[in-house]
Participant: 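Input: one structure, supplied below.
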Protein chains: 2
Amino acid sequence: MTVATGQCCAPIAREPLSETDAAELAVLLKAVADPVRLRLLSMIGSHSGGEACVCDLTDAFDLTAPTISHHLKVLRTAGLIDCERRGTWVYYWIIPAAVARLGALFTPLAEPATT
Amino acid sequence: MTVATGQCCAPIAREPLSETDAAELAVLLKAVADPVRLRLLSMIGSHSGGEACVCDLTDAFDLTAPTISHHLKVLRTAGLIDCERRGTWVYYWIIPAAVARLGALFTPLAEPATT
DNA sequence: CTCCTGATTCGATGCCGATCTAAATGATAG
DNA sequence: CTATCATTTAGATCGGCATCGAATCAGGAG
């Protein structure tokens, strides 16, 4: 990523993206450019406690467990969520910084992403 | 409810997205989830005057004119850009509201400086 | 140890999208 | 009318992706 902290314009409209930056961002965006993954992300993020068990997620879809698992892996590989096994069940939660980074891409007057 | 990660609520994490909302948003996101279209959007938005001629865009890529035209159409169909013919050339510009809507999806509503 | 259940991984399939070539169309300047 | 810029269309190839069923792994429970 080129240095772009606290600007007046959306980073995407500030200067032309390099080929590598664009490729990198496209990977991130592809991860969320899917109805199922969007809903998963939303369900995880809005779940009480900030985390959700896979068993809670699977029921909401008309998809098999392997498919849900696949989508969760895509989100996890993209760095948008993380998970932990606790006993029998696996819990997922959102990584806020990653989501915020997506938002900053398209948002004017980006706040300084304190990390 | 205090979440361990201390995030504020991006719209995506406020409540579970409906199936239709997710599908609709995925269409928008798919439009930007491509390296070429991301660069096109960025080049258009960052171009002096806020608009760019197709002839300026095509040279920056190693792609044929029909392919560039195709990507521009995808962005235009998604409502992210618009265009106008002036004489010989066609100029494109970004529709800020559409980009901002994308940003809002992933951006926390208000930041009470929780550092 | 053995069985059951939850979750992931694996291998295969079928579809969608990015890209090209080639050609046609439309719009405009000279 | 002709040349140029841009879009469109059609046909074709190629890779990636969503999905499934079956196998596998990881932990309780008996």
Participant: Quick check: is Val99(B) connected to Leu57(B) through a chain of hydrophobic side chains (ILVMFWY, heavy atoms under 4.5 Å apart)?
Facilitator: yes

Participant: Of all the choices, dT19(D), dT7(D), dA27(C), which nucleotide is nearest to the side chain of His70(A) once you look at every atom?
Facilitator: dT19(D)

Participant: How far does CH2 of Trp93(B) sit from CD1 of Ile44(B), to the nearest 0.5 angstrom?
Facilitator: 10.5 Å

Participant: Determine whether a donor-acceptor pair (N or O, by modelled atom type, separation under 3.5 Å) exists between the side chain of Ser46(A) and the backbone of Arg14(B).
Facilitator: no

Participant: Backbone N or O of Lys73(B) within a donor-acceptor pair of the Thr77(B) side chain at under 3.5 Å?
Facilitator: yes

Participant: Is Tyr92(A) close enough to dT8(C) that one of its side-chain N or O atoms is under 4.0 Å from OP1 or OP2 there?
Facilitator: yes

Participant: Quick one, which residues of residues 71-83 of chain A touch DNA chain C with a heavy atom under 4.0 Å?
Facilitator: Lys73(A)

Participant: Specify the separation, in whole Å, of atom OH of Tyr91(A) and atom C1' of dG27(D).
Facilitator: 13 Å

Participant: Compute both the distance and the angle, then confirm whether Arg76(B) meets the cation-pi test with Tyr92(B): under 6.0 Å from the six-membered ring centre, within 45 degrees of the axis.
Facilitator: no

Participant: Between atom CG of Leu17(A) and atom CD of Glu24(A), what is the distance when rounded to the nearest 0.5 Å?
Facilitator: 10.5 Å

Participant: What's the spacing between Leu29(A) CG and Asp34(A) CG if we round to 0.5 Å?
Facilitator: 13.0 Å

Participant: For dA18(C), does OP1 or OP2 lie under 4.0 Å from any side-chain N or O of Arg37(B)?
Facilitator: yes

Participant: Can you check whether Ser69(A) has a side-chain N or O nearer than 4.0 Å to OP1 or OP2 of dT8(C)?
Facilitator: yes

Participant: Side chain of Leu63(B), heavy atoms from C-beta onward: which of dA7(C), dT7(D), dC20(C) has the nearest atom to it?
Facilitator: dC20(C)

Participant: State which residues pass side-chain contact (heavy atoms from CB on, under 4.5 Å) with Cys55(B); sequence neighbours excluded, sorted by chain then number.
Facilitator: Cys53(B), Trp89(B)

Participant: Tell me whether Ile12(B) shares a hydrophobic cluster with Leu25(B), the cluster being built from Ile, Leu, Val, Met, Phe, Trp, Tyr side chains joined at under 4.5 Å.
Facilitator: yes

Participant: Nearest 0.5 Å, please: how far is CD1 in Ile81(A) from CZ in Arg37(A)?
Facilitator: 10.5 Å

Participant: Same cluster for Ile94(A) and Tyr91(A) if Ile/Leu/Val/Met/Phe/Trp/Tyr side chains link at under 4.5 Å?
Facilitator: no

Participant: Check whether Arg85(A) reaches the backbone of Gly87(A) with its side chain - one donor and one acceptor, N or O, closer than 3.5 Å.
Facilitator: yes

Participant: Which of residues 16-35 of chain B sit near DNA chain C, with a heavy atom under 4.0 Å from it?
Facilitator: Asp34(B)

Participant: Listed in order of residue number, which residues of residues 39-62 of chain B have a non-hydrogen atom at under 4.0 Å from DNA chain D?
Facilitator: Cys53(B), Val54(B), Cys55(B)

Participant: Please output the side-chain donor-acceptor pairs of residues 58-66 of chain B that fall under 3.5 Å, not counting sequence neighbours, one pair per line with the distance.
Facilitator:
from	atom 1	to	atom 2	distance (Å)
Thr58(B)	OG1	Val54(B)	O	3.0
Thr64(B)	OG1	Thr67(B)	OG1	3.0

Participant: Below 4.0 angstrom from OP1 or OP2 of dG6(C), is there any side-chain N or O of Thr88(A)?
Facilitator: no

Participant: Hey, does Leu28(A) have a side-chain heavy atom less than 4.5 Å from the side chain of Leu80(A)?
Facilitator: yes

Participant: Output one line per pair: protein atom, nucleotide atom from nucleotides 11-14 of chain C, and distance, for all N/O pairs under 3.5 Å.
Facilitator:
none

Participant: Roughly how many Å is it from CD in Glu84(A) to P in dG27(D), rounded to a whole number?
Facilitator: 12 Å

Participant: What's the CZ-C1' distance between Arg85(B) and dT25(C), to the nearest Å?
Facilitator: 12 Å

Participant: Which is more 5' along DNA chain C, the nucleotide nearest Thr67(B) or the one nearest Ile68(A)? Just name the residue.
Facilitator: Ile68(A)

